[in-house]
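Data first, discussion second: the structure below is written as C-alpha cells.
Convention: sequence-line order gives letters A, B, ...; per-chain numbering from 1. Because only heavy atoms are used, hydrogens play no part in the values below, and waters and symmetry mates are left out as well, while side chains stay in.
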Protein chains: 2
Amino acid sequence: MPDNLSHNTVEVALTPWERFAEYLHIRNKRITQQRRVLLDLVFEAHEHFDADDLVVRLGPTDAGKKIGRATIYRTLNELVEAGLLRRMVISGRSVYEHDYGYPQHDHLHCTACNRLIEFRNAELVALRDTVAMKHSFRATGHRFIILGLCRACQARYSGP
Amino acid sequence: MPDNLSHNTVEVALTPWERFAEYLHIRNKRITQQRRVLLDLVFEAHEHFDADDLVVRLGPTDAGKKIGRATIYRTLNELVEAGLLRRMVISGRSVYEHDYGYPQHDHLHCTACNRLIEFRNAELVALRDTVAMKHSFRATGHRFIILGLCRACQARYSGP
DNA sequence: TTTCATGCAAAATGTTTGCACACGA
DNA sequence: TCGTGTGCAAACATTTTGCATGAAA
C-alpha cells in the first residue's frame, strides 16, 4: 500500500464520473439528468455537506431543473454505495464528503461551532487492525471523531 | 482471548443513586418515582440498550405504574448529563451504556448481527490527545467505532 | 417499448415539546 | 403551597416509500 498521506489526493484510475457510470451500468441503472447534475455538484469542491445543502444549492437558480428531495436522498445513497462519498452522522443528520480519490482521514468536531476539521493519522488504522485481530473481527471501516472545542471557540468561551 | 470487560469496574466514591441525587439537588430537580424506577432499571445490569428497550422492560401496564415515553427520553438525557450514562448513535438510534463506575472503552460494531463488542486500548486516548494538541483543539471526548464482521458472522457468510 | 427513475405527497422513524394536571419538597 | 415533573398527543426533523407519470435504453 503506497503512503499517500502527505498528499491531498490519491491517484485513481477513473474519474468519479467514470466510476459512477461503471457502478450504474453494472446494476442496470440509468445515467439520468438528475444523477449527472448531482454528481457534478457534489464533486465541484471538497466540502462537507448534507442533503439540505444540495437542495439549497440547486433550489432558487435553475427554475426549470428542479430535482426533488427524494431523488437527492436516493442519489446520495447510491454515491455512498458506489464508494464515491463517505457518510458520517453529526448530531443526527447525515453529512457527506468525498471518499474516492481522497486520502483516508478522520475528524475533529467542534461541538460549539459545529466545524469539522480533518486530520490524518496512520497509527490509527494500525491500531484499529490490531484491536480487530485481537477480537477475531474483520474490520471493514471505522468511525473516529474527536469531540471538543476548536481554537477559536476556546478563546470565545474564556472571555474577550 | 476476551478480556472480561463487562465484569470490571472503576472505584467510585458515590453510588449511581447518590450521584444522581446530587445532580438533581444541585439543579433544584426532584427525586420522583419515575426517575427512581428508571435509574434502578438502567443500572440493573451492564448492557447496551435504547429507549425502546426500557419501554418494553417496563411492561405493558404495571398496575398503573406506566411511565410515558417522553419521561423516558427526558430521564435518559438527564442521566447522560449527570455522567451516569454514555450515549452513542448506532444506525440512527441512540444506544446507552453505563459510564459512571465503568472503565473507558470503545466498540466493535458487527454490521451483520448488530452486536456491540467492547474493547479497551490505552493508546487510543494518547493518540487522540496528540492529534488534538497538534490542532490546538481541546478534546472533551471521542467516538470510535470499528465496523465490520464479528467472528460468528464471518463464518456464517463464508458458508458452513 | 419496456424498464427504470422521478416528483410529489404521505408515511415512517426517533425524539422533543406544549399543555393541563399531578406531585414532591 | 409552589414550582417541577408527568402523560398525552401533537410537533418535529430527517429520511424513506408508494404511486402515477416521464425518460433512458
Side-chain angles (χ1 to χ4, degrees), chain A residues 17 20-42 48-59 62-82 85 87-96 114, chain B residues 17 20-42 48-82 85 87-96 114:
Chain A
W17 240 113
F20 193 37
E22 183 180 80
Y23 165 88
L24 292 174
H25 186 251
I26 288 170
R27 328 209 157 200
N28 281 315
K29 292 178 162 216
R30 291 170 186 176
I31 295 176
T32 62
Q33 270 310 310
Q34 289 87 336
R35 299 212 246 241
R36 225 188 290 268
V37 169
L38 285 172
L39 184 59
D40 286 348
L41 191 61
V42 153
H48 298 105
F49 63 93
D50 63 17
D52 227 51
D53 292 332
L54 296 183
V55 174
V56 171
R57 286 168 64 192
L58 285 169
D62 307 314
K65 286 183 169 185
K66 193 154 179 13
I67 298 182
R69 273 196 142 66
T71 299
I72 291 175
Y73 280 106
R74 283 187 279 234
T75 305
L76 284 172
N77 286 336
E78 290 165 343
L79 292 176
V80 169
E81 253 215 43
L85 293 182
R87 186 204 324 264
M88 65 203 121
V89 177
I90 301 292
S91 31
R93 66 199 316 129
S94 287
V95 175
Y96 302 85
N114 229 36
Chain B
W17 240 112
F20 194 37
E22 183 180 80
Y23 166 88
L24 292 173
H25 186 250
I26 288 169
R27 327 209 158 200
N28 280 314
K29 292 179 162 216
R30 291 166 186 176
I31 296 176
T32 62
Q33 269 309 310
Q34 289 86 336
R35 299 213 247 241
R36 225 189 289 269
V37 169
L38 285 172
L39 184 60
D40 286 347
L41 192 61
V42 153
H48 299 105
F49 62 93
D50 62 17
D52 228 53
D53 292 332
L54 295 184
V55 174
V56 171
R57 286 168 64 193
L58 282 170
T61 330
D62 255 10
K65 277 187 164 188
K66 190 151 173 34
I67 298 181
R69 273 197 141 68
T71 299
I72 291 175
Y73 280 105
R74 284 187 278 236
T75 304
L76 284 171
N77 286 336
E78 290 165 343
L79 292 175
V80 169
E81 253 216 42
L85 293 182
R87 186 205 323 264
M88 65 203 121
V89 177
I90 301 293
S91 30
R93 66 205 308 131
S94 287
V95 175
Y96 301 86
N114 230 36

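- Counting heavy atoms from C-beta outward, B/Asp53 and B/Tyr96 have side chains that stay 4.5 Å or more apart.
- Protein atom NZ of A/Lys29 is 6 Å distant from nucleotide atom P of C/dA5, rounded to whole Å.
- Taking 4.0 angstrom as the limit, B/Thr71 places a side-chain polar atom (N or O) nearer than this to OP1 or OP2 of D/dG7.
- The rotation axes computed at either terminus of the helix from C/dT1-D/dA25 to C/dA25-D/dT1 lie 30° apart, taking five pairs at each end and rounding to 10 degrees.
- Side-chain atoms of B/Arg93 never come within 3.5 Å of backbone atoms of B/Asp50 as a donor-acceptor pair (strictly under, hydrogens ignored).
- The CZ atom of B/Arg69 sits 10.5 Å away from the CG atom of B/Leu58 when rounded to the nearest 0.5 Å.
- Using a 4.5 Å heavy-atom threshold, the side chains of B/Arg27 and B/Glu81 count as touching.
- In this structure, A/Arg87 contributes its side chain and A/Val80 its backbone to no donor-acceptor pair below 3.5 Å.
- Using a distance-only test at 3.5 Å, with no hydrogens or angles considered, no donor-acceptor pair links the side chain of B/Arg35 to the main chain of B/Thr75.
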Pairwise N/O distances under 3.5 Å, protein to nucleotides 14-18 of chain D:
| unit_1 | atom_1 | unit_2 | atom_2 | d |
| --- | --- | --- | --- | --- |
| D/dT14 | OP1 | A/Arg93 | NH1 | 2.6 |
| D/dT14 | OP1 | A/Arg93 | NH2 | 2.8 |
| D/dT15 | OP1 | A/Ser94 | N | 2.9 |
| D/dT15 | OP1 | A/Ser94 | OG | 3.2 |
| D/dT15 | OP2 | A/Tyr73 | OH | 2.7 |
| D/dT16 | OP2 | A/Asn77 | ND2 | 3.3 |

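- Rounded to a whole Å, the CG atom of A/Leu38 is 14 Å from the P atom of C/dA5.
- Separating the CZ atom in B/Phe20 from the CD1 atom in B/Ile31 is a distance of 8.5 Å, to the nearest 0.5 Å.
- C/dA5 atom P lies 8 Å from atom CG of A/Leu24, rounded to whole Å.
- The CZ atom of A/Arg27 sits 18 Å away from the C1' atom of C/dT3 (whole-angstrom rounding).
- Judged by distance alone, the side chain of A/Asp40 and the main-chain N or O of A/Val37 form no donor-acceptor pair under 3.5 Å.
- The distance between atom CZ of B/Arg35 and atom C1' of C/dC23, rounded to the nearest whole Å, is 12 Å.
- Distances shorter than 4.0 Å separate none of the side-chain N or O atoms of B/Gln34 from OP1 or OP2 on C/dC23.
- Atom CG of B/Leu76 is separated from atom P of C/dT15 by 9 Å (rounded to the nearest Å).
- At a threshold of 4.5 Å between non-hydrogen side-chain atoms, the residues B/Leu76 and B/Leu54 count as touching.
- Taking only side-chain atoms of A/Arg30, from C-beta outward, the nucleotide of C/dG24, C/dT3, C/dT6 with the closest atom is C/dT3.
- Residue B/Asn28 contributes atom CG, which lies 12 Å from atom C1' of D/dC2 at whole-angstrom precision.
- Here the C1' atom of nucleotide C/dT6 and the CD atom of A/Gln33 are 13 Å apart, to the nearest Å.
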